[in-house]
Amino acid sequence: MSKYKELLRVILAMSIIVVGVTHFIVPDQYVRIVPSQLPYPLGLVYLSGFYEILGGIGLLVPPVSQAAAWGLIALFIAVYPANINMAVNLIKVDHIPNSPWVHVIRLPLQAVLIAWAWWYTKPSNREQQASIIPKSLIPKELELE
């Protein structure tokens with residue numbers, strides 16, 4: 001199972017990094033769904049994009065991967081109001097069908113993302129954990145047990 005766990009870690013990390021980058025490339029898509037009660041929607045979009053990129057990279061850096069997973073969980077919870085706003089107000093975003101049924105299916109997927117990130121809050125086998133840093137370069141004192 002750990003082989004698949006690490007493959008899924010890479011998939012989650014790369015996916016969330018790509019989504020984070022899109023916050024900077026097409027921010028207007030995200031600004032549209034920020035609830036109107038929140039100030040500085042563009043700033044919030046950039047901030048969430050930055051933390052998505054940071055969290056995705058962090059998942060692939062063993063000494064900080066558990067903290068990154070907890071950070072992604074917090075981020076997934078923090079952005080959920082924007083997803084609710086999009087669904088309730090049927091806000092059109094490019095490349096996502098604007099159908100109530102799509103929103104009904106899409107909203108619970110946030111729980112899947114939270115559970116997926118939660119999987120990485122537990123210590124991983126150092127030798128098997130996916131890493132963008134060669135394991136030989138990670139000092140022993142930085143290893144989490």
Side-chain angles (χ1 to χ4, degrees), residues 1-126 128-135 137-138 142-145:
M1 184 61 157
S2 65
K3 178 175 83 172
Y4 296 111
K5 181 178 182 180
E6 295 310 314
L7 173 62
L8 290 170
R9 177 193 302 269
V10 172
I11 291 169
L12 176 59
M14 297 311 295
S15 299
I16 203 69
I17 290 168
V18 168
V19 169
V21 168
T22 65
H23 280 64
F24 294 93
I25 295 173
V26 287
D28 58 305
Q29 298 292 314
Y30 297 99
V31 167
R32 276 189 239 156
I33 66 172
V34 173
S36 60
Q37 299 85 348
L38 296 176
Y40 312 110
L42 181 61
L44 292 173
V45 166
Y46 287 149
L47 192 63
S48 62
F50 171 78
Y51 281 112
E52 285 175 340
I53 295 166
L54 191 65
I57 292 169
L59 279 180
L60 300 174
V61 178
V64 299
S65 63
Q66 288 176 269
W70 283 113
L72 285 174
I73 290 169
L75 182 66
F76 293 149
I77 292 168
V79 301
Y80 198 61
N83 294 332
I84 293 171
N85 185 46
M86 180 180 170
V88 168
N89 295 305
L90 289 174
I91 299 169
K92 175 71 177 123
V93 172
D94 293 346
H95 311 296
I96 296 177
N98 195 25
S99 157
W101 288 108
V102 170
H103 295 301
V104 166
I105 294 167
R106 190 173 171 274
L107 281 175
L109 288 178
Q110 201 78 2
V112 172
L113 288 173
I114 290 167
W116 194 356
W118 181 80
W119 200 13
Y120 302 108
T121 63
K122 310 290 183 244
S124 295
N125 180 313
R126 180 187 193 281
Q128 294 179 343
Q129 184 173 347
S131 176
I132 57 174
I133 299 173
K135 292 173 180 75
L137 296 179
I138 300 172
L142 291 180
E143 287 182 26
L144 296 175
E145 297 299 327

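Values below: every heavy atom of this structure, side chains too, minus hydrogens, waters and symmetry copies.
By the 4.5 Å heavy-atom criterion applied to side chains, Q37 and P81 are not counted as neighbours. The shortest distance between side-chain heavy atoms of Y120 and L12 falls below 4.5 Å. Between L107 and I84, the closest side-chain pair of non-hydrogen atoms falls below 4.5 Å. Within the 4.5 Å cutoff, no side-chain heavy atoms of V26 are placed close to those of D94. Residues Y40 and L47 form no side-chain contact, since every pair of their non-hydrogen atoms from C-beta on lies 4.5 Å or further apart.
The side chain to side chain contact (heavy atoms under 4.5 Å, CB included) test with S48 is passed by exactly one of V34, L75, I53: L75.
For T22, the side-chain hydrogen bond (donor to acceptor under 3.5 Å, both in side chains) test picks out Y30, with sequence neighbours left out.
When every heavy atom of K92 is checked against every heavy atom of R32, the shortest pair comes out as O-NH1, 2.7 Å. Nearest approach of Q129 to E6, heavy atoms of both residues: CA-OE1, 3.4 Å. Residue T121 comes nearest to Q66 through the heavy atom pair O-NE2, 2.7 Å, listed as atom of the first residue, atom of the second, then distance. Closest approach of I73 and A117 over heavy atoms only: CG1-CB, 3.7 Å. When all heavy atoms of L42 and P27 are compared, the closest pair comes out as CD1-CB, 3.7 Å. Closest approach of P62 and A130 over heavy atoms only: CG-O, 4.4 Å.
Residues in residues 102-111 take part in these side chain to side chain donor-acceptor pair (under 3.5 Å) pairs, two or more places apart or across chains: N83-Q110, N98-H103.
A 6.0 Å sphere centred on CZ of F76 holds more than 12 heavy atoms belonging to other residues, nucleotides or ligands.
To the nearest 0.5 Å, the span separating CD1 on I57 from CD1 on I132 amounts to 6.0 Å. Distance CG/L54 to CG/L59: 10.0 Å, rounded to 0.5 Å.
With hydrogens and angles ignored, the 3.5 Å screen pairs no side-chain donor or acceptor of E52 with any backbone N or O of I17.
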Check against side-chain contact (heavy atoms from CB on, under 4.5 Å), L113 and Y80: CA-CA 11 Å; L113 288 173; Y80 198 61; over 6 Å; no
